[in-house]
Student: 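This is the structure I have questions about; it appears just below.
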Number of protein chains: 2
Amino acid sequence: MSIANISPLVRMADKLALHAPISVEDRVSLLELPYASRFFEAGSYLLRDGDTRDQCGMLVSGFAYRHKINVEGLRQIVSIHIPGEVYDLQQLHLATADTNVQALTRCEIATIPHEALRRLAAERPSVAHALTVTTIVELSMSREWMLGIGRRDARTRLAHLLCEFAFRLDKHGLPPGQAYELPMTQEQLADTLGLTAVHVNRVLKGLVNDGLIVHNRRGVTIPDWAVLVAQGGFNSRYLHMNPPDAIVRPPDHA
Amino acid sequence: MSIANISPLVRMADKLALHAPISVEDRVSLLELPYASRFFEAGSYLLRDGDTRDQCGMLVSGFAYRHKINVEGLRQIVSIHIPGEVYDLQQLHLATADTNVQALTRCEIATIPHEALRRLAAERPSVAHALTVTTIVELSMSREWMLGIGRRDARTRLAHLLCEFAFRLDKHGLPPGQAYELPMTQEQLADTLGLTAVHVNRVLKGLVNDGLIVHNRRGVTIPDWAVLVAQGGFNSRYLHMNPPDAIVRPPDHA
DNA sequence: TACCATAACAAACATATGTTAGTCCGACAA
DNA sequence: TTGTCGGACTAACATATGTTTGTTATGGTA
């Protein structure tokens, strides 16, 4: 089977398997879900506060960010989404969205009808469980971010975020990959950290000067994982990831 | 039927009904759940980071708060729980807890075996749905708090929190009750708002001086709901509450 | 009544972070 | 080549919030 014929839904199955046991049969049933695929340019809204949906959207490629805006127009980014994640799973249970989701880069979206997903969840409790765990992990992550914004200083906050990205983007080996793409502007970083762009610039340069990270155009590399982890006070437990060998693949996919 | 014989689980059913449709049969089945009841003193830990559970705990009376602690020992309170709420629902799906929950006041806890709750959820999709919605609403609330900590100034943040409490504690009429019990110390308020106790004191006094609230020993009263709402930039949509008449009660409970 | 713990309150001072207002630079289009 | 634009970057200054330290109420208790 050529790469071109692999369903984009494998990304979703892989992602679910990071947090909950997914059997071979579960995986097959996920790949049989109906879907439609489409591209969005960077900056497009994938979901708007107040929207109603009858389909779920999964990021096949690219990045997206979720944000809220207060009465003064200030923006707070409350989560970043990476490929394989369903960014509007909650709309399966709630009538209207309470956040905005915007494309961070150009990205490909696969949409799956709510009805099909509901049917699958009803038939396969393990899939339903995996979807629920997904939401719970999002909750856990948002609490960790609250701790950061409320009780960590700017430098620690930024280091922690960079660790989190490294960990989540990693194929799940240890230690996480030393280099990754970070397509966020300093203003966007500021809005996720509860800082200003100017201060992000200061702190970012501080981390670079002190050799904790290398930050060349659009990418970050981490020379010493342990050092950055220490600076960020990072502990991956809140991400609730399974050990890598918990990921089960159908035999024909190996 | 005398008050003394009413199961504490009605509080849970009422709470679920705030967010999702609960039929009379659902309600009856909830009241038939096995449970054990017990009291905890203020300050007791109801759940610790890392704990494993085989029962869920519901607050029958009293208040509790959930918090995380960073490497420097600084504490961030990430949610406040009020009667009727199940504070460790997530342990139904996750092996270990990632937050601490501590009693804010002396409180009564009813524990329900996971097994019984799982069986009920499997039998009654509407109950399963209501439980899921509960988690999603917690996620929504935590995102709103992130917005506050990251992008609202101290005064607005405090006003918003006071509005939220008024709204959640209210029996759900409009406008919310003008007075309620607030058994939190200024240090606890500080830890939920991402401030220091000293600054909470300053800001609290500011709100009192300007007539936005009256703050007499352990309680808050709100002379003009609209004014405080404006100061806090408060919009209750993120709480995802049903209109009051959506709450269905069994006939013998009216 | 005295004692003790806890919380509220206050003032002086310190600083992390925000604000404003620019310059510089690379990417891209005409 | 020139022009435009967004983003990175800088510097001087402003301020919201934190820190430290202590005093004052309050409530429980012996």
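Values below: every heavy atom of this structure, side chains too, minus hydrogens, waters and symmetry copies. Just so it is clear: chains get the letters A, B, ... in the order the sequence lines come, proteins before strands, and each one is counted from 1.
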Student: Starting at atom CG of A/Leu104, determine the distance to atom P of D/dG7, rounded to an integer number of angstrom.
Tutor: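 Whole-Å distance recorded here is 11 Å.
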Student: Does CZ in A/Arg38 sit with more than 12 non-hydrogen atoms of other residues, nucleotides or ligands closer than 6.0 Å?
Tutor: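 Check fails, neighbour count at 12 or below.
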Student: Classify every nucleotide of nucleotides 16-22 of chain D by which part a protein heavy atom approaches to under 4.0 Å, writing B for the base, S for the sugar-phosphate alone and - for neither, in 5'-to-3' order.
Tutor: -BBBB--
Student: Mind checking what makes side chain to side chain donor-acceptor pair (under 3.5 Å) contact with A/Asn100, not counting sequence neighbours?
Tutor: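 Partners of A/Asn100 by the side chain to side chain donor-acceptor pair (under 3.5 Å) criterion come out as none, since no residue qualifies.
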Student: Per the salt bridge (charged side-chain N to carboxylate O under 4.0 Å, His left out) rule, what does the pair list look like for residues 52-61 of chain B, sequence neighbours excluded?
Tutor: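 Salt bridge (charged side-chain N to carboxylate O under 4.0 Å, His left out) check on residues 52-61 of chain B returns B/Asp51-B/Arg53, B/Arg53-B/Asp88.
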Student: Run the side chain to side chain donor-acceptor pair (under 3.5 Å) test against A/Asp224 and tell me which residues pass, sequence neighbours left out.
Tutor: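 Checked A/Asp224 against side chain to side chain donor-acceptor pair (under 3.5 Å); zero matches.
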Student: On the 0 to 90° scale, with breaks at 30° and 60°, tag the B/Trp225-B/Phe167 ring pair as parallel, tilted or perpendicular.
Tutor: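 Judged by the thresholds at 30° and 60°, the geometry between B/Trp225 and B/Phe167 is parallel.
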Student: Atom CD of B/Glu187 and atom P of C/dT6: how far apart are they, to the nearest Å?
Tutor: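 Atom CD in B/Glu187 sits about 11 Å away from atom P in C/dT6.
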Student: Can you name the residues that form a side chain to side chain contact (heavy atoms under 4.5 Å, CB included) with B/Glu85, not counting sequence neighbours?
Tutor: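 B/Glu85 satisfies side chain to side chain contact (heavy atoms under 4.5 Å, CB included) with B/Lys15, B/His81, B/Ile82, B/Arg168 once adjacent residues are dropped.
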Student: Tabulated below should be each protein N or O lying under 3.5 Å from an N or O of nucleotides 27-30 of chain D; please produce it.
Tutor:
none

Student: Who pairs with B/Arg202 by salt bridge (Lys or Arg N to Asp or Glu O under 4.0 Å), at least two apart in sequence or on another chain?
Tutor: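 Result, salt bridge (Lys or Arg N to Asp or Glu O under 4.0 Å) vs B/Arg202: none returned.
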Student: Can you list the residues that meet the side chain to side chain contact (heavy atoms under 4.5 Å, CB included) rule with B/Ser142, with sequence neighbours excluded?
Tutor: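 Per chain and number, B/Ser142 pairs via side chain to side chain contact (heavy atoms under 4.5 Å, CB included) with A/Leu139, A/Ser142, A/Met146, B/Leu139.
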Student: Look at the side-chain N and O atoms of B/Asn201 and state whether any lies under 4.0 Å from the OP1 or OP2 oxygen of C/dC9.
Tutor: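 So the side-chain polar atoms of B/Asn201 do come within 4.0 Å of the phosphate oxygens OP1 or OP2 of C/dC9, strictly under.
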Student: Counting only non-hydrogen atoms, which of residues 64-82 of chain A are less than 4.0 Å from DNA chain D?
Tutor: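 Output list: empty, so none.
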Student: With B/Asn70, which residues qualify under side chain to side chain donor-acceptor pair (under 3.5 Å), at least two apart?
Tutor: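 Counting only residues at least two positions away or on another chain, B/Asn70 forms no side chain to side chain donor-acceptor pair (under 3.5 Å).
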Student: How many Å lie between CG on A/Leu204 and C1' on D/dC9, as a whole number?
Tutor: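 Spelled out: CG on A/Leu204 to C1' on D/dC9 is 11 Å.
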Student: B/Glu108: what forms a side chain to side chain donor-acceptor pair (under 3.5 Å) with it, not counting sequence neighbours?
Tutor: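 Side chain to side chain donor-acceptor pair (under 3.5 Å) list for B/Glu108, sorted by chain: B/Ser37.
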Student: Just how far, in rounded Å, is P of D/dA8 from CG of A/Leu182?
Tutor: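 It works out to 10 Å between those atoms.
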Student: According to the salt bridge (charged side-chain N to carboxylate O under 4.0 Å, His left out) rule, which pairs have a member within residues 191-201 of chain B, sequence neighbours left out?
Tutor: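 Found A/Arg151-B/Asp191, B/Arg75-B/Asp191.
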